[in-house]
Amino acid sequence: MKGSTTGGDAADGPRGELNPITFRRRLMRWYRDNARALPWRDTSDPYGIWVSEIMLQQTRVAAVIEYYTEFMRRFPTLVSLALAPEADVLAAWSGLGYYRRARMLHKAAQFIMTERRGQLPSSSLELRTLPGIGEYTAAAIASIAFGESVAVVDGNVERVILRLTGRANDATAAARRFVREQAQALVPHAPVTLKPYSQSGEGSPPSGNPAGDHNQAMMELGATVCLPHAPRCSECPVHSLCCTRGEHPTPTRTPQRSQPAACLLDLRKRGPATEVLLECRPGDAAVMPAMYELPKLPQEAVEGLEPALRLRHAITNTNYYVQVYSPRRLVRSGSGSHLSVDKPSTVSAHALRSVLPTETQNLHWTRTTRLASLPLTGLTRKILQRLKVMKNTRITLAE
DNA sequence: TAACCGTGGCC
DNA sequence: TGGCCAAGGTT
């Protein structure tokens with residue numbers, strides 16, 4: 001970097017090198033005034049910051065907030081997470097997606113308890129060795145929780161750096177190295193603390209942790225201003241330092257496909273309890289292993305039948321157009337709904353159940369009161385909530 | 001390196 | 001309805 005620190009823009013023009021001091025000052029002033037209040041920004045607990053960073057992988061902030069709050073209520077400490085059965089952890093994750101994250105988080109917590117006396121590693125290098133923690137997450141935890149001066153590079157930071165510098169995004173290793181080096185050059189240097197970084201107590205960011213605040217500000221800028229398609233350059237605090245002013249091609253993505261699907265919603269009464277038929281996915285399934293879902297019906301078996309519910313559900317690059325078939329009717333009465341077991345609709349339970357694929361097994365009649373504590377797939381949770389079979393709440397049962 | 005893993009919301 | 005995602009990691 002050039003030595004000019006006079007503060008004038010002339011030396012920091014779009015075609016020149018980024019002056020880290022000017023850049024940081026403008027970024028942080030903007031962040032101080034524009035940082036969103038998020039639950040994980042109220043804590044200096046490395047465990048809480050870790051949980052938030054895992055949840056935020058490839059997942060929108062808006063989707064994480066509720067899950068984070070409930071997860072931290074359910075598993076407030078690293079010990080409580082390590083001691084919990086995996087099914088409980090998955091149940092708390094149900095609907096958030098990428099369930100491998102939850103399994104690896106759980107595994108890592110157990111590893112830390114048995115091999116590290118409950119101490120989360122405090123350096124990005126050591127954090128990197130834990131399952132589920134890659135380059136980005138290691139840098140995020142190390143800087144935000146422990147003050148290490150290491151740059152985080154997520155999709156937002158990459159886009160911000162590429163636009164600032166005008167470097168082409170050719171998806172090569174050289175481009176990634178360039179972005180990482182540029183990002184690192186902008187991070188404020190601060191002594192690496194080995195203890196968790198304690199917040200000033202106000203709760204609202206910035207917290208007074210130079211590297212952690214800077215990294216969060218970079219991501220915040222990318223997430224709220226330097227948007228992928230319609231960047232709001234007029235609101236950008238470093239607009240005058242930017243080489244491209246937002247003109248930057250965005251990479252193409254793999255096209256989506258559409259596919260029909262059908263599943264069975266079968267309910268029965270057992271005394272005062274209502275039970276629903278669930279199938280447990282194989283433990284070695286490629287997706288969502290050992291999680292519970294409604295039994296799938298072959299498309300041919302439901303020709304001409306009227307579904308109880310239609311909805312769309314996206315899994316990775318496939319849009320599933322799902323039809324739910326119920327042999328029994330849900331009758332709305334007053335405030336809620338109840339099950340009418342003696343009024344089969346167009347088709348009997350036996351008829352529908354008999355067309356389940358032969359490989360279907362692991363069927364379980366499950367009390368609806370237990371649903372919230374089971375690792376349901378997101379689609380199943382959505383259907384059961386939509387049809388009022390389970391409450392639309394994330395509160396899990398007490399012990 | 002590239003494919004794969006889940007989801008809810010927005011337009 | 002269909003397209004496009006959003007704070008990555010693993011294999």
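Here is the naming used below: chain letters follow the sequence lines, and residue numbers restart at 1 for every chain.
Taking the six-membered ring for Trp and the full ring otherwise, A:Tyr98 and A:Trp93 have centroids separated by 6.0 Å or more.
Note on A:Tyr321: a side-chain N or O is less than 4.0 Å away from OP1 or OP2 of C:dG2. Neither OP1 nor OP2 of C:dC4 sits under 4.0 Å from any side-chain N or O of A:His229. Taking only side-chain nitrogens and oxygens, A:Lys382 never comes nearer than 4.0 Å to OP1 or OP2 of B:dT7. Between B:dT7 and A:Tyr99, a contact under 4.0 Å exists linking OP1 or OP2 to a side-chain N or O. OP1 and OP2 of B:dG6 both lie 4.0 Å or more from every side-chain N or O belonging to A:Arg381. Phosphate proximity of C:dG8 to A:Gln57: absent, as no side-chain N or O sits under 4.0 Å from OP1 or OP2.
Heavy atoms of A:Arg312 sit under 4.0 angstrom from at least one base atom. Nucleic acid contact class of A:Val61 (heavy atoms, under 4.0 Å, all strands): base. Within the 4.0 angstrom heavy-atom criterion, no nucleotide atom of any strand lies near A:Arg103. The residue A:Ile54 sits apart from the nucleic acid: no heavy atom pair falls under 4.0 Å. Among the atoms of the strands shown, only primed sugar atoms or phosphate atoms (P, OP1, OP2) are found under 4.0 Å from some heavy atom of A:Met288.
Side-chain proximity of A:Pro228 to the nucleotides C:dC5, C:dA6, B:dG6 is greatest for C:dA6. Taking the side chain of A:Ser258 as heavy atoms from C-beta on, and the options C:dG8, C:dG9, C:dG2, the nearest nucleotide is C:dG2. Distance from the side chain of A:Ala314 is smallest to B:dT7 among B:dT7, B:dT1, C:dG8. With B:dG6, B:dG9, B:dT1 as the candidates, the nucleotide lying closest to the side chain of A:Ala173 is B:dT1.
One atom, NZ of A:Lys107, and another, P of C:dT10, lie 14 Å apart when rounded to the nearest Å. Computed from coordinates, the A:Leu56 CG to C:dG9 P distance equals 12 Å when rounded to whole Å. Counting to the nearest Å, the P atom of C:dT10 and the OH atom of A:Tyr98 are 13 Å from each other. Distance CG (A:Leu105) to P (C:dG9): 13 Å, rounded to an integer number of Å. Atom P of nucleotide B:dC4 and atom CZ of A:Arg100 are separated by 13 Å, given to the nearest angstrom. Between A:Arg159 atom CZ and C:dA6 atom P the separation is 7 Å, expressed in whole Å. Here B:dG6 presents its C1' atom at 13 Å from CD of A:Glu293, a figure rounded to the nearest Å. Atom NE2 in A:His313 sits roughly 15 Å away from atom P in C:dT1 (whole-Å rounding).
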Test salt bridge (charged side-chain N to carboxylate O under 4.0 Å, His left out) applied to A:Lys107 and A:Glu86, step by step:
CA-CA 9 Å; A:Lys107 288 253 187 314; A:Glu86 186 184 84; 3.8 Å; yes

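Using a 4.5 Å cut-off between side-chain heavy atoms of Ile, Leu, Val, Met, Phe, Trp and Tyr, with links allowed through other members, A:Leu27 and A:Val179 fall into the same hydrophobic cluster.
If you take atom C1' in C:dG8 and the same atom in B:dT1, they sit 16 Å apart, rounded to whole Å. For the P atom pair drawn from B:dG6 and C:dT11, the interatomic distance equals 13 Å after rounding to whole Å.
Side-chain atoms of A:Arg101 and A:Thr59 include a donor-acceptor pair closer than 3.5 Å.
Taking a 6.0 Å sphere around CZ of A:Arg116, one finds it holds more than 12 heavy atoms contributed by other residues, nucleotides or ligands.
Under the 4.0 Å criterion applied to side-chain N and carboxylate O atoms, A:Glu135 and A:Arg176 are not assigned as salt-bridge partners.
The residue among A:Pro289 and A:Thr172 whose nearest nucleotide of DNA chain B lies closer to the 5′ end is A:Thr172. Of the two residues contacting DNA chain B, namely A:Asn319 and A:Gly97, the nearest-nucleotide position lying further toward the 5' end is that of A:Gly97.
Minimum heavy-atom separation, A:Tyr292 to A:Thr380: O-OG1, 4.0 Å.
The closest donor-acceptor contact from the side chain of A:His106 to the backbone of A:Ala84 lies under 3.5 Å. In this structure, A:Glu275 contributes its side chain and A:Arg268 its backbone to no donor-acceptor pair below 3.5 Å.
For the segment residues 130-137 of chain A, residues with any heavy atom less than 4.0 angstrom from an atom of DNA chain C are, sorted by number, A:Pro131, A:Gly132, A:Ile133, A:Gly134, A:Glu135, A:Tyr136, A:Thr137.
Below the 3.5 angstrom threshold, one finds no donor paired with an acceptor across the side chain of A:Arg101 and the base of B:dC5.
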